[in-house]
Asker: 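Following this message is one structure expressed as C-alpha cells.
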Amino acid sequence: MQTTIKKHSPFWVKHLRLISGVAFIISGIANLIETEHPVGIFMFTMFMFAGFINLLVYFYYPKEVMISWDDEKLEVKGQQLKSKSFLFKDIVDFRFEKDKLILKSDAHRGSILNIKGFKEDDLQLLRSRLTLN
C-alpha cells in the first residue's frame, strides 16, 4: 500500500505562472492595438514571448509537490521534472531540519529535500516510516 503526502500551496502560488502569462499576453495585444510605432511592435513581441514562456512553464512543470512511499522506496515528485526515488534499504541515516529533510545513503551520497509547506502531521507520518529502518 502506498502512502502519499502533499504540499499545501495557496492558490496564487500554484497558478502564478498562468495568471502572469495571461496578463503578459493581454498587455502585448493591448500594446499592439495602442501603437503602430516599431518600438510598439517590439514591445508586443516581448510581452507575447514572456506570456508564452510563462504558460509553457505552467503547463509543463508539475504544480503539486508530493512525497509517497511503500514498503520498498520513498519517492519525491514535483520539486523537479523527474521524480527522485530512494530505496529504504539504502538510506543509512536521515535528519529533519527546519525546512529540509536530509537523507544519507552512504559516506559519499545524500540528498536534501525541501519539506517547507507540508503539514506537521504528514511529516510525523513520514518520520515514523523512516525510523522503521
Asker: Measure the shortest side-chain to side-chain distance between Arg95 and Lys104 over non-hydrogen atoms and say whether it is less than 4.5 angstrom.
Answerer: yes
Asker: May I ask you to test the Phe59-Asn54 pair for a side-chain heavy-atom distance under 4.5 Å?
Answerer: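 No; the side chains remain at least 4.5 Å from each other.
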Asker: If the condition is side-chain contact (heavy atoms from CB on, under 4.5 Å), which residues does Lys116 pass it with, not counting sequence neighbours?
Answerer: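 Only Asp99, Asn114 meet the side-chain contact (heavy atoms from CB on, under 4.5 Å) criterion with Lys116.
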Asker: Connecting only ILVMFWY residues whose side-chain heavy atoms lie within less than 4.5 Å of each other, what is the rest of Val92's hydrophobic cluster?
Answerer: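 Besides Val92, the cluster holds no residue at all.
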Asker: Does any non-hydrogen side-chain atom of Leu18 lie less than 4.5 Å from one of Leu55?
Answerer: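 Sidechains of Leu18 and Leu55: in contact.
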Asker: Of all residues at least two apart in sequence or in a different chain, which pass the side-chain hydrogen bond (donor to acceptor under 3.5 Å, both in side chains) check with His15?
Answerer: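 His15 satisfies side-chain hydrogen bond (donor to acceptor under 3.5 Å, both in side chains) with Tyr58 once adjacent residues are dropped.
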Asker: With sequence neighbours left out, which residue pairs that include part of residues 37-51 fulfil the salt bridge (Lys or Arg N to Asp or Glu O under 4.0 Å) condition?
Answerer: none
Asker: List the residues meeting side-chain contact (heavy atoms from CB on, under 4.5 Å) with Met48, not counting sequence neighbours, and say none if there are none.
Answerer: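 Met48 satisfies side-chain contact (heavy atoms from CB on, under 4.5 Å) with Ile25, Ile29, Phe44, Phe52 once adjacent residues are dropped.
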Asker: If you round to the nearest 0.5 Å, how far is CG of Leu113 from CD1 of Ile102?
Answerer: 9.5 Å
Asker: Would you compute the distance between atom CD1 of Ile91 and atom OG of Ser111 and round it to the nearest 0.5 angstrom?
Answerer: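 Spacing of CD1 (Ile91) from OG (Ser111) equals 9.0 Å.
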Asker: Can you tell me how far the NZ atom of Lys84 sits from the CG atom of Leu74, to the nearest 0.5 Å?
Answerer: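 That separation rounds to 11.0 Å.
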Asker: Can you list the residues that meet the side-chain hydrogen bond (donor to acceptor under 3.5 Å, both in side chains) rule with Glu120, with sequence neighbours excluded?
Answerer: none
Asker: Could you tell me which non-hydrogen atom of Ile115 sits nearest to which non-hydrogen atom of Phe96, and how far apart they are?
Answerer: CD1-CD2, 3.6 Å
Asker: Cluster partners of Phe11, using ILVMFWY side-chain heavy atoms under 4.5 angstrom, listed by chain and number?
Answerer: Trp12, Ile19
Asker: Are Leu101 and Phe88 joined in one hydrophobic group, where the rule is that I, L, V, M, F, W and Y side chains link up if heavy atoms are under 4.5 Å apart?
Answerer: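 The answer is yes; both residues are in one hydrophobic cluster.
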Asker: Tell me whether Arg127 contacts the main-chain N or O of Asp122 through its side chain, where contact means a donor paired with an acceptor under 3.5 Å.
Answerer: no
Asker: Could you name each residue pair satisfying salt bridge (Lys or Arg N to Asp or Glu O under 4.0 Å) that touches residues 11-29, not counting sequence neighbours?
Answerer: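 Counting only pairs at least two positions apart or across chains, the salt bridge (Lys or Arg N to Asp or Glu O under 4.0 Å) contacts touching residues 11-29 are Lys14-Glu64.
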Asker: Please name all residues satisfying side-chain contact (heavy atoms from CB on, under 4.5 Å) with Phe49, sequence neighbours left out, ordered by chain then number.
Answerer: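 Counting only residues at least two positions away or on another chain, Phe49 forms a side-chain contact (heavy atoms from CB on, under 4.5 Å) with Ile53.
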Asker: Residues two or more places apart in sequence or in another chain: which of them pass salt bridge (charged side-chain N to carboxylate O under 4.0 Å, His left out) with Glu72?
Answerer: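 Applying salt bridge (charged side-chain N to carboxylate O under 4.0 Å, His left out) to Glu72 gives none.
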Asker: Taking atom CZ of Phe47 and atom CD1 of Ile26, what is their separation to the nearest 0.5 Å?
Answerer: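 Nearest 0.5 Å value for the CZ-CD1 distance: 12.0 Å.
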Asker: Identify the heavy atoms of Phe118 and Ile5 that sit nearest to each other, and give their distance.
Answerer: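 What the structure gives for the nearest pair is CE2-O, 3.8 Å.
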Asker: Just to verify, what does Ser68 make a side-chain hydrogen bond (donor to acceptor under 3.5 Å, both in side chains) with, not counting sequence neighbours?
Answerer: Gln2
Asker: Other than Val13, what residues sit in its cluster of Ile, Leu, Val, Met, Phe, Trp and Tyr side chains whose heavy atoms are under 4.5 Å apart, directly or through others?
Answerer: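 When side chains under 4.5 Å apart are linked, Val13 ends up in no cluster with other residues.
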Asker: Would you say the side-chain atoms of Asp121 pair up with the backbone N or O of Gln124, donor to acceptor, closer than 3.5 Å?
Answerer: no
